[in-house]
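Below is one structure, written out as structure tokens; the observations come after it.
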Amino acid sequence: MALLKYEEIAESLRARVAAGEFEPGDVVPSGRDLAEQWSVSRATVIKAMDVLRNDGVVEARQGTGFVVTQTPVARPAGGRRAGSSRVTGGMPFLRVGTPDWAVPPTHVAAVLKLDEGAEALRRVRVMQLPDGSAYSYVVAWFPPDVATAAARLARTAPIEEGTTRYVRRTTGRFPVEGLDVTTVRLATDEEGRHLGLAGPTAVAVVLHAAYDRERRPLVCEEGVTPSAYYEQADTYEM
């Protein structure tokens, strides 16, 4: 699907931010400069900036123009609640390694409805507490039909507007149903290393799956949180 001109401008600026050309707090090119560069009207540029502002990539600053926002935050996938742990809402995070294609664990492959031995795109991040310490180790798996259509998922840079919005824009698909399954086990050595755990430690594991309106999986995400940070509360009538 061809992008409209304002979408092209927005995606170009987004790519430049992701590549580090503009740092948080930097002023992006003015509307006049962008209009001249792209040979479009100021109204088209304004629509492009509205897209980036709504996605949280830039913010308007009086007397300055549009500036790049601060550290991207991780948002709960789809419309699911973030209250399954003590820390809610968006959280800063660090990307672990580079997104790659790999064969997911059997239980993840089952959620993604993959054939045996089929690969999926893997993105790993560590969610952080306000003091910068590790809070949760999260591995997200995207099926091939989603990952190939949404090319930015394979980049190390954060998806500033969140993966749900990005996937919806590039594929036309969005989550209408989510499933969260919580289990408890000991952290693996790799999880313990990224979470800074000393010795065997109990962790809560939340396996999240998001499905579109045709019940096709969009993502399977597994978040591992030390028991000291995890708490789930339910209120109900009796």
Side-chain angles (χ1 to χ4, degrees), residues 1-3 11 14-15 18-19 72 74-82 84-85 91 93-127 134 136-195 203-225:
M1 182 188 304
L3 295 178
E11 287 302 305
R14 194 192 313 277
R75 305 166 177 84
R80 68 189 174 106
R81 63 188 178 91
S84 59
S85 58
M91 299 180 68
F93 66 91
L94 290 176
R95 180 69 55 202
V96 176
T98 302
D100 62 350
W101 289 84
V103 177
T106 302
H107 65 287
V108 173
V111 171
L112 296 179
K113 302 179 181 179
L114 298 179
D115 294 333
E116 184 177 356
E119 294 185 335
L121 180 67
R122 174 175 55 187
R123 289 170 60 89
V124 185
R125 65 186 187 274
V126 173
M127 315 299 290
S136 187
Y137 178 76
V138 183
V139 181
W141 297 88
F142 295 87
D145 56 344
V146 172
T148 54
R152 281 169 52 208
L153 292 175
R155 301 177 186 174
T156 303
I159 307 296
E160 292 89 349
E161 70 271 38
T163 56
T164 301
R165 287 184 177 179
Y166 173 59
V167 168
R168 180 169 186 165
R169 178 178 299 144
T170 53
T171 69
R173 297 166 57 188
F174 54 92
V176 298
E177 179 182 346
L179 174 66
D180 288 356
V181 178
T182 304
T183 55
V184 178
R185 59 168 169 79
L186 293 179
T188 65
D189 290 342
E190 182 175 7
E191 292 163 351
R193 178 167 57 85
H194 287 290
L195 292 172
V203 292
V205 182
V206 179
L207 184 73
H208 167 74
Y211 300 91
D212 66 13
R213 64 179 64 187
E214 296 179 12
R215 205 56 173 62
R216 295 174 298 176
L218 294 167
V219 65
C220 181
E221 186 175 273
E222 195 165 43
V224 178
T225 306

Show which side-chain atoms of residues 102-122 pair as donor or acceptor with protein atoms under 3.5 Å away, not counting sequence neighbours.
from, atom 1, to, atom 2, distance (Å)
His107, NE2, Glu222, OE2, 3.1
Lys113, NZ, Arg215, O, 2.9
Arg122, NE, Asp100, OD1, 3.0
Arg122, NH2, Asp100, OD1, 3.4
Arg122, NH2, Asp100, OD2, 2.8

Measure the shortest side-chain to side-chain distance between [X] and [Y] over non-hydrogen atoms and say whether it is less than 4.5 angstrom.
{"X": "Leu153", "Y": "Val167", "answer": "yes"}
{"X": "Thr156", "Y": "Pro99", "answer": "yes"}
{"X": "Leu94", "Y": "Arg125", "answer": "no"}
{"X": "Val224", "Y": "Arg185", "answer": "yes"}
{"X": "Glu11", "Y": "Arg152", "answer": "yes"}
{"X": "Glu221", "Y": "Trp141", "answer": "no"}
{"X": "Arg95", "Y": "Val124", "answer": "no"}

Identify the two heavy atoms, one from [X] and one from [Y], that lie closest to each other, and give their separation to 0.1 Å.
{"X": "Val126", "Y": "Ala134", "result": "CG1-CB, 3.7 Å"}
{"X": "Val146", "Y": "Phe142", "result": "CG1-CD2, 4.2 Å"}
{"X": "Thr148", "Y": "Pro144", "result": "OG1-O, 2.7 Å"}

At what distance, to the nearest 0.5 angstrom, does [atom1] of [X] lie from [atom2] of [Y]?
{"X": "Thr171", "Y": "Asp212", "atom1": "OG1", "atom2": "CG", "value": "8.0 Å"}
{"X": "Glu191", "Y": "Tyr137", "atom1": "CD", "atom2": "OH", "value": "7.0 Å"}
{"X": "Thr163", "Y": "Arg123", "atom1": "OG1", "atom2": "CZ", "value": "7.5 Å"}
{"X": "Thr225", "Y": "Leu195", "atom1": "OG1", "atom2": "CG", "value": "7.5 Å"}
{"X": "Ser136", "Y": "Phe93", "atom1": "OG", "atom2": "CZ", "value": "13.0 Å"}

Discussion item. Using a 6.0 Å distance limit plus a 45 degree cone around the ring axis, check whether Arg216 lies over the aromatic ring of Tyr211.
Written reply: no

